[in-house]
Amino acid sequence: MTELNSLKNIGKEMEKKLKAVGISTAEELKKAGSEEAFVKLKLHYPNVCLVHLQTLEGAILDIDYNQLPEDIKSRLKSFSDSLK
């Protein structure tokens with residue numbers, strides 16, 4: 001099992017939040033996917049925002065979140081907006 005903080009974009013604070021919602025390893029995050037993980041975070045931490053979703057997607061894809069392709073950013077924004 002791989003530690004969450006071994007993934008790009010996942011620091012101590014994000015790791016703590018993910019563990020609080022039941023995602024404890026890199027494998028669990030990848031299995032859940034960024035959107036499911038984000039929904040869990042949003043329910044527990046209402047102030048999480050689009051940047052958190054991008055951070056999760058970047059971690060799964062092994063890309064710095066600010067380097068995500070535009071089509072992925074657009075898809076994530078639409079998903080985030082749909083939760084409001």
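Numbering of residues begins at 1 and proceeds along the displayed sequence.
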Determine whether a donor-acceptor pair (N or O, by modelled atom type, separation under 3.5 Å) exists between the side chain of [X] and the backbone of [Y].
| X | Y | answer |
| --- | --- | --- |
| Glu28 | Ser24 | yes |
| His44 | Leu41 | no |
| Lys77 | Leu50 | no |

What I want to check is whether the side chains of Glu27 and Thr2 have a donor and an acceptor closer together than 3.5 Å. yes

Does any non-hydrogen side-chain atom of [Y] lie less than 4.5 Å from one of [X]?
| X | Y | result |
| --- | --- | --- |
| Ile72 | Leu61 | yes |
| Lys12 | Asn5 | no |
| Ile60 | Leu7 | no |
| Asp64 | Asn9 | yes |
| Phe38 | Leu83 | yes |
| Val39 | Glu36 | no |
| Glu15 | Glu3 | yes |
| Leu18 | Ile10 | yes |

Looking only at heavy atoms, which two atoms of [X] and [Y] are closest? And how far apart?
| X | Y | value |
| --- | --- | --- |
| Gln54 | Tyr65 | O-CB, 3.6 Å |
| Leu53 | Ser34 | CD1-O, 3.6 Å |
| Ala59 | Lys8 | CB-O, 3.2 Å |
| Ile23 | Ala37 | CD1-CB, 3.6 Å |

Assigning hydrophobic clusters by single linkage (Ile, Leu, Val, Met, Phe, Trp, Tyr; side-chain heavy-atom cutoff under 4.5 Å), is Tyr45 placed with Val51? no

Nearest 0.5 Å please: distance from the [atom1] atom of [X] over to the [atom2] atom of [Y].
| X | Y | atom1 | atom2 | answer |
| --- | --- | --- | --- | --- |
| His52 | Ser80 | NE2 | OG | 11.0 Å |
| Leu29 | Glu57 | CG | CD | 9.5 Å |
| Phe79 | Glu35 | CZ | CD | 4.5 Å |

